[in-house]
Amino acid sequence: MRIKVRQALTAEQPLAGITIAGWVRTRRDAKGFSFVEVNDGSGFKNLQIVVDHTVPGAEALADTLTGASVLCQGDLMASPAKGQKWELKATSFQLLGRADETFPLQKKGHTVEFLRTIPHLRARTNRLGSMMRVRSRMAMAVHQFFQQRGFAYVHTPIITASDCEGAGELFRVTTLDPLAPAKLPDGKVDWSADFFARQSYLTVSGQLEGETLACALGDIYTFGPTFRAENSQTSRHASEFWMIEPEMAFCDLAGDMQCAEDLVKTLVKSALEQCSEELEFFNAYVDKTLLQRLQLVVERPFARVSYTDAVEILLKSGRAFTYPVVWGENLQSEHERFLTEEHFKSPVTVHDYPRAAKPFYMRQNEDGRTVAAMDVLVPGVGEIVGGSQREERLDRLVAAMTAQGLDLEAYRWYTDLRRYGTVPHAGFGLGFERLLMFVTGEGNIRDVLAYPRTPGHA
Ligand code: 4AD
Ligand code: MG
């Protein structure tokens, strides 16, 4: 029976007659036998296989280089070697797939920049393999968090005709011939001849559709891919990323902030519990302060500060920022990082942002100049969550939409929520890749996605 390396390494007792399959990390030859270190992707650690040169198939050993795939039968026994409890004593050896010396992942360490040039192979390294396992378990932890709280998992469309964030950073979806699109008599493109008979795009956020479902099901969340055609060449922006977007009916900004804090804390806690081997690896090789920082995140409440007070703190800091701090402007990444890394030295939720800097859907505060928005900022990454209470008052919403130049008829379905049984509601978006950067200490979003898409790279 085939068992995974991870199961073998955590066995309670010796196991006779098992099968192990995997990829060779190293082979060392001794007189009469060889040590073959095998990893099958089930976990961080390799299993050592001791292959006596007399077992069936052993003649292929000389051809078994780093990167080859092998299948071995044998008995799992206590290992006399230091640092490992078990090893497999092979009774047969089979070389499944050869790899020659050109296999790019030889034993020596590789830079992340080099690994990015071989995305199809890099998951076989400790660094990317660990990331992919953390990613998988974190995805499950997201579902657990919401399912335990009675949220419905909904699937909002990926192709949409609306621009939720109003930033115009949309990828167009079209079947028109780019060289000869159908045209109107005035020479403009005739979008009614396009596939969806109107202009359509890849979604930047499932929020607007999410709101309609929350105003039917109560509490919902989405967890899906989102796309942004923003030309940001930074270590924290991807053109295709995954977002978790809860939306809660009968909820205000305070409830929204609490939910975001609980979610981030719960996810960090489950990473510490369920990915301990991987996190120890990241702590040793990527960021030496990682485990200590994550422990503090779990233990202490997040700091909270209004945008207006945050601006005061930044102005009083005496820092020479590249971008000036001006009330009314969005906080720049250097400002966010100062707040979370140096001033509060903890995650911080900034709330009540200036209205002019934010999209139409955010609830207007009574001061006439701010909206009930909030962002969660974390050390090392900056913004990880963005959300708000939504404007549930029809007149205020319509005024904001008109002011931002939206086509009221096209968003009729959205304003209908405010015509029929409107309720206070709130939600947020958590960037899944930003979360993964935070829990692993990985500094570049290109190293938390298997196949990162960024401007100029698909
Ligand atoms: O702050 P954002 O733009 O908010 C929204 O899209 C809201 N509609 C969400 C909501 O209220 N339902 O994006 C939310 C989060 C950010 O805080 C960030 O973590 C992540 O999504 N994000 C990105 N992650 C990677 N690459 C990008 N280009 C990202 N843009 C946003
Ligand atoms: Mg944001």
Side-chain angles (χ1 to χ4, degrees), residues 138 142 146 151 154 156 160 162-171 202-214 219-248 251 253 255-257 259-260 263-264 267 307 330-333 335-336 340 347-351 353-354 357-363 371-378 380-391 414 425-439 442 444-449 452-455 457:
M138 286 297 92
V142 165
F146 288 113
F151 284 59
V154 301
T156 49
T160 167
S162 46
D163 178 7
C164 173
E165 295 305 294
E169 296 163 339
L170 301 157
F171 287 105
L202 295 179
T203 186
V204 296
S205 161
Q207 178 196 321
L208 302 186
E209 294 90 350
E211 282 185 52
T212 68
L213 295 165
D219 294 331
I220 62 97
Y221 69 105
T222 70
F223 186 175
T226 40
F227 307 86
R228 299 209 181 168
E230 69 193 302
N231 198 4
S232 308
Q233 293 280 5
T234 80
S235 55
R236 305 171 310 127
H237 287 86
S239 314
E240 175 178 314
F241 62 98
W242 285 63
M243 189 153 52
I244 296 133
E245 294 187 273
E247 192 68 35
M248 298 161 282
C251 180
L253 185 67
D256 202 36
M257 292 194 286
C259 182
L263 174 62
V264 172
L267 293 176
Y307 168 89
N330 256 323
L331 297 178
Q332 296 292 325
S333 139
H335 307 142
E336 296 180 341
T340 176
V348 51
T349 309
V350 182
H351 54 84
Y353 280 80
K358 292 291 184 186
F360 66 93
Y361 55 72
M362 295 188 176
R363 190 175 198 279
V371 285
M374 62 100 179
D375 278 2
V376 178
L377 317 177
V378 296
V381 181
E383 180 190 339
I384 188 170
V385 164
S388 72
Q389 185 170 342
R390 317 307 186 189
E391 183 53 82
Y414 184 70
H425 61 288
F428 61 85
L430 168 67
F432 192 49
E433 285 72 22
R434 301 252 177 111
L435 172 84
L436 289 170
M437 291 172 72
F438 184 55
V439 299
E442 205 55 91
N444 198 307
I445 199 162
R446 291 164 182 80
D447 303 320
V448 308
L449 284 149
R453 272 78 177 97
T454 52
H457 292 275

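When a ligand or atom number is given, it counts from 1 through the structure's own listing order. Model, not experiment: these values are computed from the prediction.
- Taking SG of C259 as the reference point, atom CZ of F151 lies at 4.5 Å (rounded to 0.5 Å).
- When heavy-atom distances to ligand 1 are checked against a 4.0 Å cut-off, E433 has no atom that comes that close, whether in backbone or side chain.
- Residue I445 places a heavy atom under 4.0 Å from ligand 1.
- Of the protein's heavy atoms, I384 O, 2.8 Å lies nearest to atom 19 (O) of ligand 1.
- The atoms of ligand 1 that sit less than 4.0 Å from any heavy atom of G387 are 11 (O).
- There is a side-chain donor-acceptor pair under 3.5 Å between Y361 and Q207.
- Residue E383 counts as close to the Mg ion (ligand 2), with an N, O or S atom under 2.8 Å.
- Between V142 and L267 the shortest heavy-atom distance is N-CD2, 3.7 Å.
- The side chain of Y361, and not its backbone, has at least one atom closer than 4.0 Å to an atom of ligand 1 (non-hydrogen atoms only; side chain from C-beta on).
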| query | When you look at L253 and M374, which way does the side chain to side chain contact (heavy atoms under 4.5 Å, CB included) test go after all the steps? | reply | CA-CA 8 Å; L253 185 67; M374 62 100 179; 3.9 Å; yes
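- Going from atom CE of M138 over to atom CZ of F438 covers 12.5 Å, rounded to the nearest 0.5 Å.
- Given atom 17 (O) of ligand 1, the protein heavy atom at minimum distance is E383 OE2, 2.6 Å.
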| request: Determine, step by step, whether H237 and R434 satisfy the side chain to side chain contact (heavy atoms under 4.5 Å, CB included) criterion, reporting the C-alpha distance in whole Å, the side-chain angles of both residues, the deciding distance to 0.1 Å, and the verdict. | output: CA-CA 9 Å; H237 287 86; R434 301 252 177 111; 3.6 Å; yes
| field | Pair W242-F223, side chain to side chain contact (heavy atoms under 4.5 Å, CB included): steps then yes or no | value | CA-CA 7 Å; W242 285 63; F223 186 175; 4.0 Å; yes
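- Contact between S205 and C164 at its shortest, heavy atoms only, is OG-SG, 3.6 Å.
- Heavy-atom contacts of M243 reach the following atoms of ligand 1: 6 (O), 13 (O), 14 (C), 15 (C), 21 (O) (cutoff under 4.0 Å).
- For ligand 1, the atoms lying closer than 4.0 Å to a non-hydrogen atom of V385 are 17 (O).
- Closest protein heavy atom to atom 7 (C) of ligand 1: E165 OE2, 3.4 Å.
- The side-chain heavy atoms of S388 and K358, taken from C-beta on, include no pair separated by under 4.5 Å.
- Taking a cutoff of 4.0 Å between a charged side-chain nitrogen and a carboxylate oxygen, E165 and R228 do not qualify as a salt bridge.
- At a heavy-atom cutoff of 4.0 Å, ligand 1 is contacted by the side chain of E245 but not by its backbone.
- No side-chain N or O of T454 forms a donor-acceptor pair with one of H457 less than 3.5 Å apart.
- The protein non-hydrogen atom at the shortest distance from atom 18 (C) of ligand 1 is R434 NH1, 3.5 Å.
- Contact annotation for R390 and ligand 1: only side-chain heavy atoms (C-beta onward) come within less than 4.0 Å of the ligand.
- Note: an N/O pair closer than 3.5 Å links S205 and ligand 1 by distance alone.
- Polar contact with ligand 1: absent for H237 (N/O pair, distance under 3.5 Å).
- When heavy-atom distances to ligand 1 are checked against a 4.0 Å cut-off, E247 has no atom that comes that close, whether in backbone or side chain.
- The aromatic rings of Y353 and Y307 sit tilted relative to each other, their planes meeting at an angle between 30° and 60°.
- In terms of N/O distances under 3.5 Å, ligand 1 is approached by R228.
- Under 4.0 Å from ligand 1, the heavy atoms of F428 that appear belong solely to its backbone.
- An N or O contact shorter than 3.5 Å links A238 to ligand 1 by distance.
- Close contacts between ligand 1 and G386 involve ligand atoms 1 (O), 9 (C), 10 (C), 11 (O), 17 (O) [criterion: under 4.0 Å to a heavy atom].
- A donor atom on one side chain and an acceptor atom on the other are found under 3.5 Å apart for S162 and T160.
- Contact atoms of ligand 1 toward E230: 28 (N) (distance under 4.0 Å to a heavy atom of the residue).
- Backbone and side-chain nitrogen or oxygen atoms of F241 are examined, and none is located within less than 3.5 angstrom of a nitrogen or oxygen of ligand 1.
- At least one side-chain heavy atom of M437 sits less than 4.5 Å from a side-chain heavy atom of I445.
- Atoms of ligand 1 lying under 4.0 Å from at least one heavy atom of R236, given by number and element, are 25 (C), 26 (N).
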